[in-house]
2 protein chains.
Amino acid sequence: MTGGYLKGRIRREDIITAAAAAYGELGYHSSSLREIAKRVGITHAGLLYYFPTKEALLAAVLERRDAEDSDREQLDVAPGLDVLRHFVALAGHNVRHPGIVDLYSRLAAEAVAPDHPAHEYFVRHYRAARASIHESFEVLAARGQLRDGVDPAMAALTFIALMDGLQVQWLTVPGDVDLVGSLRFALQSLLSVPL
Amino acid sequence: MTGGYLKGRIRREDIITAAAAAYGELGYHSSSLREIAKRVGITHAGLLYYFPTKEALLAAVLERRDAEDSDREQLDVAPGLDVLRHFVALAGHNVRHPGIVDLYSRLAAEAVAPDHPAHEYFVRHYRAARASIHESFEVLAARGQLRDGVDPAMAALTFIALMDGLQVQWLTVPGDVDLVGSLRFALQSLLSVPL
DNA sequence: CCTACCGATCGGTAGG
DNA sequence: CCTACCGATCGGTAGG
C-alpha cells in the first residue's frame with residue numbers, strides 16, 4: 001500500500017522541478033503558483049495540497065539544490081589545485097545546463113533584499129563557498145603554488161564574485177562570453193603553476 | 001509663463017528618482033506604479049499623466065543613468081592605467097551610494113530574460129563597457145604593463161564580471177566584502193606595474 | 001493632476 | 001487532488 005506514497009513523492013518531485021525551472025525563467029516573485037501548477041498539469045489549489053504556501057515550495061527547491069550539491073561533493077576532492085579544477089569542470093557542466101545557472105542567478109539577485117525568503121539561504125551559501133575556496137587557496141599558498149602577493153582570502157572572494165558575474169553576463173549575451181575559458185584564465189592569473 | 005513647464009520638469013525628475021530607488025529595493029516588476037507614486041505624493045493615475053506606461057518610466061530611469069554616466073566620462077581619461085584607477089574610484093563612490101548599486105544589480109539580474117524591457121539596454125551596456133575596458137588593456141599590453149600571458153579581451157570580460165559579482169555579494173553580505181580592496185587586488189594581479 | 005472604474009491576476013481557503 | 005470562491009493588488013483608461 002505504499003503506492004500512494006510513491007506517487008505522491010513523484011508528484012512532489014515534479015512540482016519542485018517545474019518550480020525550479022519557473023524561478024530560473026521568471027524569478028521567484030513572478031512565478032505564480034498557477035503557472036507552476038500548469039506546467040505539472042494540475043491546478044494551483046492542487047499544488048497547495050503538496051506545498052502549503054508559496055514559500056514552502058521555494059524552501060523545497062533550495063533544499064533539493066543543496067542535496068544535489070552535497071551528492072556531488074561526496075566524491076570530495078582534497079583542498080588544492082583539484083578543487084579549482086573541480087570548479088572549472090562545474091562551469092562546463094553549467095554551460096550544458098543553463099537552467100541551473102538561470103535559477104541560481106535570478107534567485108541570488110532577488111535575494112539581496114533582506115526580507116526575501118531566500119536571503120538567509122544565500123548568506124549561508126556565500127559564506128560556505130568562500131570558506132571552502134579560501135581553504136584551497138591557503139593550501140596552495142603553503143605549497144608555493146600561488147603567485148607572489150596573492151592573498152588567499154581575497155582570492156577566494158573575488159573568485160566567487162567572478163563566477164557569479166560571468167554567469168549573469170553569459171545569460172545576457174551568451175555569444176560574447178566563454179564561461180569556462182574566462183574562469184580558467186582568471187584562475188591561472190592567480191597561480192604560479194599551470195592549472 | 002515657463003513656470004508650469006519647470007514645475008512639470010521637476011516633478012518628472014522626482015518621479016524618476018523615486019522609481020530608481022524602488023527598482024533598486026524591489027526590482028522593476030515588483031515596483032508598482034502605486035508604490036512609486038506614493039513616494040512622490042501623488043496617485044498612480046497622476047504618475048501616468050507624466051509617464052504613459054510602466055515601461056516608459058523604466059526607459060526614463062535608464063536614460064537618466066546613461067546621461068549621468070556620460071557626464072562623469074566627460075572629463076574623459078585616456079585609455080590605460082588611469083581608466084582602471086577610475087573604476088576603482090567608481091567602486092569607492094558606489095560604496096557610499098548603495099542605491100545605485102542596488103538599482104544596477106537588481107535590473108541586470110531581471111534583464112537576463114530576453115523579453116525584459118531592460119534587456120536590450122543591458123546588452124548594449126555590457127558591450128560598451130567591455131569595448132572600453134578592452135581598449136585600456138590593449139594599451140597596457142603595448143606598454144608592457146600587463147603581466148605575461150594576460151589576454152586583453154579576457155581581462156576586460158572578467159574585470160566587468162568581477163565588478164558585477166562583487167556588487168551582488170556586497171549587497172547580500174555587506175560586512176564580508178571589501179568592494180574597493182577586492183577590486184584593487186584583482187586588478188593588480190593582472191598588471192606588471194603597481195596600480 | 002484626481003476620482004472612479006475596468007479586467008486580469010495573485011496567494012490562499014472552504015469544502016468536498 | 002478539484003471547483004468555487006475571497007480580498008488584495010496590478011497596469012491602464014475615462015472623464016474631468
Side-chain angles (χ1 to χ4, degrees), chain A residues 1-23 25-62 106-107 110-111 113 115-118, chain B residues 1-23 25-62 106-107 110-111 113 115-118:
Chain A
M1 256 324 177
T2 53
Y5 287 124
L6 177 63
K7 207 166 90 183
R9 226 155 47 219
I10 290 175
R11 186 65 105 180
R12 278 179 64 92
E13 287 304 312
D14 287 348
I15 293 171
I16 293 174
T17 301
Y23 296 166
E25 292 167 32
L26 311 166
Y28 166 69
H29 281 126
S30 297
S31 294
S32 70
L33 297 179
R34 283 166 175 87
E35 167 64 26
I36 296 165
K38 200 199 304 173
R39 295 179 184 214
V40 186
I42 62 176
T43 64
H44 93 283
L47 190 160
L48 287 166
Y49 167 79
Y50 290 98
F51 300 93
T53 65
K54 193 183 181 184
E55 279 197 29
L57 177 54
L58 172 60
V61 168
L62 296 178
R106 296 279 325 223
L107 283 188
E110 277 187 329
D115 60 345
H116 191 285
Chain B
M1 257 319 178
T2 53
Y5 287 124
L6 177 63
K7 207 166 92 184
R9 227 156 46 218
I10 289 174
R11 187 65 108 178
R12 277 179 64 93
E13 287 304 313
D14 287 348
I15 294 172
I16 293 173
T17 301
Y23 296 166
E25 292 166 33
L26 311 165
Y28 167 69
H29 281 125
S30 297
S31 295
S32 70
L33 297 178
R34 283 166 176 86
E35 167 65 25
I36 295 165
K38 199 200 304 173
R39 295 180 183 212
V40 185
I42 60 176
T43 65
H44 92 282
L47 190 160
L48 286 166
Y49 165 79
Y50 290 98
F51 300 94
T53 65
K54 192 182 182 184
E55 280 197 28
L57 177 54
L58 171 61
V61 168
L62 297 178
R106 296 280 323 226
L107 283 187
E110 276 186 330
D115 60 346
H116 191 283

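Residue numbers start from 1 in every chain, and the chains themselves are labelled A, B, ... in the order their sequence lines are given, proteins ahead of strands.
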Spacing of Glu25(A) atom CD and Ser30(A) atom OG [to the nearest 0.5 Å]
12.0 Å
Closest listed nucleotide, where the reference is the side chain of His44(B) and the choices are dC2(C), dG11(C), dA4(C):
dA4(C)
Could you tell me how far apart Ile42(B) (CD1) and dG12(D) (C1') are, to the nearest whole angstrom?
15 Å
Mark yes or no for whether Glu110(B), through its side chain, and Tyr28(B), through its backbone, hold a donor-acceptor pair below 3.5 Å.
yes
Tell me what Thr43(A) touches on the nucleic acid: a base, only sugar-phosphate, or nothing, going by heavy atoms under 4.0 Å.
base
Run Val40(A) and Leu47(A) through side chain to side chain contact (heavy atoms under 4.5 Å, CB included) and show every step you take.
CA-CA 9 Å; Val40(A) 186; Leu47(A) 190 160; 5.9 Å; no
If I take atom NZ in residue Lys38(A) and atom C1' in nucleotide dG11(C), what distance separates them, rounded to the nearest angstrom?
16 Å
Would you kindly give the CG-to-C1' distance between Leu33(A) and dG11(C), to the nearest whole Å?
6 Å
Considering all heavy atoms of both residues, which atom of Phe51(B) and which atom of Ala60(B) are nearest to each other, and what is their separation?
CE2-CB, 3.6 Å
Measure from CD on Glu35(B) to P on dA8(D) and round the result to the nearest Å.
18 Å
Looking at Leu107(B), Leu58(B), Leu62(B), which one forms a side-chain contact (heavy atoms from CB on, under 4.5 Å) with Pro117(B)?
Leu58(B)
Which one is paired to dG15(D), where only Watson-Crick or G-U wobble pairs with both distances under 3.5 angstrom count?
dC2(C)
Looking at residues 49-62 of chain B, who's got a heavy atom less than 4.0 Å off DNA chain D?
Thr53(B), Lys54(B)
Which one, dT3(D), dC2(C), dC10(D), comes nearest to the side chain of Ser32(B)?
dC10(D)
Just how far is it from atom NE2 of His29(A) to atom NZ of Lys54(A), taken to the nearest 0.5 Å?
6.0 Å
Nearest-Å distance for atom pair CG/P, residues Leu26(A) and dT9(C):
14 Å
As an exercise, state the distance from OH of Tyr23(B) to CD1 of Ile16(B), rounded to the nearest 0.5 Å.
9.5 Å
Protein-nucleotide distance (Leu48(A), atom CG; dG15(C), atom C1'), rounded to Å
15 Å
d(CG, Leu47(B); P, dG11(D)) in whole Å:
10 Å
Touch class at under 4.0 angstrom, heavy-atom based, for Ser30(B) against every strand present
nothing
